[in-house]
Amino acid sequence: MDLQIKGIAATPKGQDVLFSARKKSLKGWRSKSRATHEDRPAEVPSLDLGKLGDSDDENNYTPLSKWYPRLGCPDSSSTVSWGTPLQTPVRRHRSQKLSSLEQKIVPENLPQPSDKYKSKYQQYEAEMKEGYKQYSQEVAEKNKNAQPQLSERKVADKEEDLAAQRRKQAVVEQVMIDQLSRAVISDPEQNTIAGNDEAVHRLQGFGPVPLRFRKRTLHDTKIKTNLSLTENVLSNKLRFDARIISRNGRDACRELIGFFFGYDKSLTIYEYRQFGRNRTSTLPFIKKGIYSHQRGRRKGKPYELGDFYSGANLTFLTCDHLNLSDSVKQNPLLTLRLIDIDDKALDSFKSTLMENQQGLTKELDDKATFLAVQNMVKEKLSKRGVRTVTRLGKFFRQQDKKGNGLLCKSDFKEALKYFHLELPEKIFESVWTILDENCNDRVDYGEFTRAVIGEMNEYRKEFVRKVYMKLDPSKTGSVSMTDITKFYSARKHPQVLTGTATEDDIKSSLLETLVDACSNPNEVSYCEFEDYYEGLSLGMSDDEDFVNVLRNSWGV
């Protein structure tokens, strides 16, 4: 339908003529539509088709959605009748938007803000944007740094746990092999086997039978003897991890794994050694046997199941074990500290738990006495723990002229007085009575220090040993100051992070303390390194804080 009319000028009069022409042309169509459709309701607006004309963008119409019907001409097949007004979601959204805008219209008579408030608002807006920008950068940087560290630490911890489990499993297998194979071979009944009788190998009237006709075996033995062990019997055991209490770094870092067997109350201890990356060995350290306490309230009594718990001490006479190293044999008494216990195996032993209740009660009283003294001394060491503990250890080593670690009562009193750690005479005598079991006026200064000052728990000491083994991989027992300077990192020290000190200042302070505490200013022994962290541990109540200090400083 072409409504274009040519030859009419674009004047108001011409426009009226054009409108009247269009009206006449559509008049017939309107009459037909009225005849075919019902009268429109009052609420439906009239449709003025005269205002519809050709436009350039007429063909560019795109429907809002294919789910809503398009409104066609009345003659077309449309799904919308005159009685159902169309309301699309877009139309509703526009009406709601207009109503909300009408509510937020700024009144016309509102005065303009002054320049003072404008400048304040601009300053506040700039500060808010800058603060949010800095906060976003800090959060992003923290997340970026924290996630790799946590993931790396978790992976490293898992690898260490798996390595420890493999070590323990290797020791268990070696113990089972040793005990099962040696039991039958070493059984005295092997000497009375009937097959060894010479008469068996003789023929009547012909003398001895030649060797080629005899039945020969590599080892004539019974399959089962009275003293033979089975795997089921040996499986009833309690596994524990131990370390040597020693001032020698090589001995203190030995990895010991022991077993207490319930069927005969015997025990054995093995040492796990690793040479390089792939070479390992598992060798007996304490041979299997029934042993007794060599010191303490239960001296001379055999070890029971109740003697095995984390933090307990096992004592042995070095003269009974010839395979021990020379450094261990220097002390007539070998003391082992239990650092971990197999809790599952311990629970299975609960039904057979037997212990000397009288001796246990006396040991608990002794521990209570030591704890009271330690609390008294810790108050005096609250702000000078590192300096005092390290210098006290150096003083004891200088007083130990014979090198056996034993000092007399007067030496200990002099040391306590010199470092302002005096104890009341009654309390000192009670401590001395407990420590001086042989009444020879001689006590090991390491035991005296642990009784009076205390020591860090085994969880903390495990990480101290890890650090020292990292610094001394060849297990020489000493670390040079050059390696200490090389491996120590103060980048995450609290004073460095706050800006109150530099990394060089913190590192210089550490080296100064170690040089002052060491007998040789060029190297650090294990006992001197341990004394430093014993003093540091006194001022830190949380175990994880202490472990984080070691991790951040040494990268373990």
Side-chain angles (χ1 to χ4, degrees), residues 93-94 96-161 382-387 456 459-460 462-464 466-467 470-471 483-514 532-533 535-556:
H93 173 70
R94 287 179 178 175
Q96 294 175 0
K97 187 174 181 181
L98 290 174
S99 61
S100 62
L101 289 174
E102 290 174 359
Q103 295 176 1
K104 296 182 180 180
I105 292 177
V106 180
E108 296 180 356
N109 57 352
L110 185 67
Q112 293 293 331
S114 61
D115 296 338
K116 177 181 178 181
Y117 288 103
K118 282 184 178 180
S119 62
K120 284 186 176 181
Y121 176 76
Q122 292 174 357
Q123 182 181 0
Y124 173 75
E125 186 179 13
E127 291 177 355
M128 288 291 293
K129 288 182 179 180
E130 186 66 23
Y132 181 75
K133 184 178 179 180
Q134 293 179 359
Y135 175 77
S136 301
Q137 292 177 353
E138 291 176 0
V139 171
E141 186 176 357
K142 286 182 180 179
N143 294 336
K144 184 179 178 180
N145 296 333
Q147 290 179 357
Q149 289 179 359
L150 291 176
S151 60
E152 291 176 1
R153 183 174 297 177
K154 288 181 179 179
V155 172
D157 292 342
K158 286 184 179 179
E159 291 179 353
E160 289 183 2
D161 294 340
S382 58
K383 296 183 180 180
R384 55 186 180 97
V386 175
R387 296 279 183 178
M456 67 181 88
Y459 178 70
R460 299 187 182 192
E462 179 185 358
F463 281 90
V464 174
K466 283 183 180 179
V467 172
K470 178 181 178 180
L471 299 175
D483 292 337
I484 295 289
T485 308
K486 177 182 177 181
F487 286 99
Y488 183 76
S489 174
R491 185 167 54 90
K492 295 183 179 181
H493 194 278
Q495 295 183 7
V496 176
L497 296 177
T498 56
T500 57
T502 62
E503 294 185 35
D504 294 336
D505 295 338
I506 301 300
K507 187 175 293 187
S508 300
S509 177
L510 171 70
L511 296 176
E512 179 184 352
T513 304
L514 291 177
Y532 176 86
Y533 281 103
L536 184 65
S537 177
L538 292 174
M540 305 182 71
S541 58
D542 189 79
D543 290 342
E544 294 302 325
D545 292 342
F546 181 83
V547 171
N548 288 332
V549 169
L550 292 173
R551 280 176 168 166
N552 295 332
S553 301
W554 304 102
V556 294

**Request:** Report yes if some heavy atom in the side chain of Phe546 is under 4.5 Å from a heavy atom in the side chain of Tyr533; otherwise report no.
**Result:**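 In short, these two side chains touch, coming nearer than 4.5 Å.
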**Message:** A side-chain contact here means heavy atoms from C-beta on lying under 4.5 Å apart; do Val464 and Met456 qualify?
**Reply:**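 In short, these two side chains touch, coming nearer than 4.5 Å.
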**Request:** May I ask you to decide if Leu550's main-chain N or O and Ser553's side chain share a donor-acceptor pair within less than 3.5 Å?
**Result:**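 Answer holds: no.
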**Prompt:** Who passes side chain to side chain contact (heavy atoms under 4.5 Å, CB included) against Ser489, sequence neighbours left out?
**Reply:**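 With neighbours one apart ignored, the set is Arg491.
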**Prompt:** With Thr485, which residues qualify under side chain to side chain contact (heavy atoms under 4.5 Å, CB included), at least two apart?
**Reply:**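 Residues passing side chain to side chain contact (heavy atoms under 4.5 Å, CB included) with Thr485: Lys507, Leu511.
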**Message:** Working note: Ile484 + Trp554, criterion side chain to side chain contact (heavy atoms under 4.5 Å, CB included); need CA distance, chi angles, decisive distance, verdict.
**Reply:** CA-CA 9 Å; Ile484 295 289; Trp554 304 102; 4.1 Å; yes
**Asked** Of the non-hydrogen atoms in Arg551 and Val556, which two are nearest, and what is the gap between them?
**Response**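 Answer, listing the atom of Arg551 first, then Val556: CG-O, 3.0 Å.
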**Message:** I need the minimum non-hydrogen distance between Gly385 and Leu538, along with the two atoms involved.
**Reply:**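 It is CA-CD1, 4.4 Å.
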Rounded distance [0.5 Å steps], [atom1] in [X] versus [atom2] in [Y]:
{"X": "Thr500", "Y": "His493", "atom1": "OG1", "atom2": "NE2", "result": "8.5 Å"}
{"X": "Leu497", "Y": "Lys492", "atom1": "CG", "atom2": "NZ", "result": "9.0 Å"}
{"X": "Asp543", "Y": "Asn548", "atom1": "CG", "atom2": "CG", "result": "11.0 Å"}

**Asked** Is a side-chain donor-acceptor pair under 3.5 Å present for Tyr488 with Glu503?
**Response**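 Result is no, nothing qualifies.
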**Request:** List for me each residue that meets side-chain hydrogen bond (donor to acceptor under 3.5 Å, both in side chains) alongside Ser541, sequence neighbours excluded, and say none if there are none.
**Result:**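 Partners of Ser541 by the side-chain hydrogen bond (donor to acceptor under 3.5 Å, both in side chains) criterion come out as none, since no residue qualifies.
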